[in-house]
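Below is one structure, written out as structure tokens; comments come after it.
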Amino acid sequence: MVEIAPSILSADFARLGEEIEAAERGGASIIHVDVMDGHFVPNITIGLPVVRSLARMARVPLDTHLMISEPGRYAEQFVEAGASMVSVHVEIDPHLNRTLTGIKSHGAQAGVAINPATPLTALEEALPFADYILLMSVNPGFGGQKFIPTSLDKVRRLRRMIEARGLKTRIEIDGGIDRHNIAEVTAAGAEIIVAGTAVFGEGDPARDVRGLLDAAAQWV
Ligand code: DX5
Ligand code: ZN
């Protein structure tokens with residue numbers, strides 16, 4: 001089943017609650033929250049207090065994507081703040097096994113995020129401990145970037161890696177997804193589709209989530 005996870009990075013932060021409600025009305029089944037610290041990525045966004053407030057109002061699970069240094073220090077706090085999914089980047093966490101185990105023992109799904117230029121082999125040992133892999137199809141830090149075309153083949157190879165090991169790990173894809181390429185990425189094997197600009201960029205999130213779900217259904 002394909003799920004749309006709107007990224008609030010492209011929403012109007014002064015009207016976050018309304019924006020999320022509109023996305024939910026359109027059929028969003030996950031809300032993606034980009035946490036950036038200005039160190040791991042060259043941008044600063046939001047943190048624990050905002051997640052706490054959103055967790056009280058959102059009707060669907062919150063998926064926090066940690067683009068921060070020392071993610072192991074904070075991951076469990078995001079679960080306590082109300083996140084149902086927490087992902088940490090393979091490039092920045094030397095204790096991935098410990099972090100993923102901690103996220104799960106606090107009751108959330110644990111994800112490993114991977115940058116466009118990081119090879120899939122970096123995931124090999126962590127794969128059995130991850131509930132999902134967040135495959136970046138742009139360089140993390142900003143919304144509105146162009147989809148990197150080689151990501152399609154990376155999704156296919158990751159799908160094969162997961163199947164060869166008999167695992168149930170889900171694939172989430174993040175960056176540059178819109179109505180024109182969503183069918184291709186779902187056909188390649190991605191199941192959770194993050195979309196920021198394509199959902200919040202034109203002022204009608206409900207319509208645009210519906211549009212993405214329709215476009216994804218064309219090919220499945
Ligand atoms: C980028 C973030 C993405 C971003 C996606 O670092 O991880 O979640 O918001 O935005 P779009 O869909 O506009 O590429
Ligand atoms: Zn993200």
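These numbers were taken from a predicted model, which means no experiment stands behind them. Both counts, for ligands and for their atoms, begin at 1 and track the order of listing.
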Would the distance check show the side chain of Thr64 and the main-chain N or O of Met85 forming a donor-acceptor pair, the cut-off being under 3.5 Å?
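Yes; at least one donor-acceptor contact below 3.5 Å.
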Donor-acceptor check, side chain of Glu91 to backbone of Asn115, threshold 3.5 angstrom: yes or no?
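Yes, the answer is positive, given that a donor and an acceptor are paired below the 3.5 Å cut-off.
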Can His32 and Asp34 be counted as having a side-chain donor-acceptor contact under 3.5 angstrom?
yes
Give the intermediate values and the outcome of side-chain hydrogen bond (donor to acceptor under 3.5 Å, both in side chains) for residues Thr99 and Asp93.
CA-CA 8 Å; Thr99 308; Asp93 193 348; 2.6 Å; yes
Nearest heavy-atom neighbours spanning Ala23 and Ile31:
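Closest approach of Ala23 to Ile31, heavy atoms only: CB-CD1, 4.4 Å.
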Passing option when Ile20 is tested against Leu54, Leu62, Val60 for side chain to side chain contact (heavy atoms under 4.5 Å, CB included)
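By the side chain to side chain contact (heavy atoms under 4.5 Å, CB included) criterion, Ile20 pairs with just one of Leu54, Leu62, Val60: Leu54.
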Which N, O or S atom of [X] lies nearest to the Zn ion (ligand 2), by name:
{"X": "Asp174", "result": "OD2"}
{"X": "His65", "result": "ND1"}
{"X": "Asp34", "result": "OD1"}

Note every protein N or O atom lying under 3.5 Å from an N or O atom of ligand 1, pairing the names and giving the distance.
residue	atom	partner	partner atom	Å
ligand 1	6 (O)	Gly141	N	2.7
ligand 1	7 (O)	Asp34	OD1	3.0
ligand 1	7 (O)	His65	ND1	3.3
ligand 1	7 (O)	Asp174	OD2	2.9
ligand 1	8 (O)	His32	NE2	3.4
ligand 1	8 (O)	Asp34	OD1	3.2
ligand 1	8 (O)	Asp34	OD2	2.8
ligand 1	8 (O)	Asp174	OD1	2.7
ligand 1	8 (O)	Asp174	OD2	3.0
ligand 1	9 (O)	Ser7	OG	2.8
ligand 1	9 (O)	Asp34	OD2	3.1
ligand 1	12 (O)	Gly196	N	2.7
ligand 1	13 (O)	Gly144	N	2.8
ligand 1	13 (O)	Thr197	N	3.1
ligand 1	13 (O)	Thr197	OG1	2.4
ligand 1	14 (O)	Gly176	N	2.8

Which of parallel (below 30°), tilted (30 to 60°) and perpendicular (above 60°) describes His89 and His65?
parallel
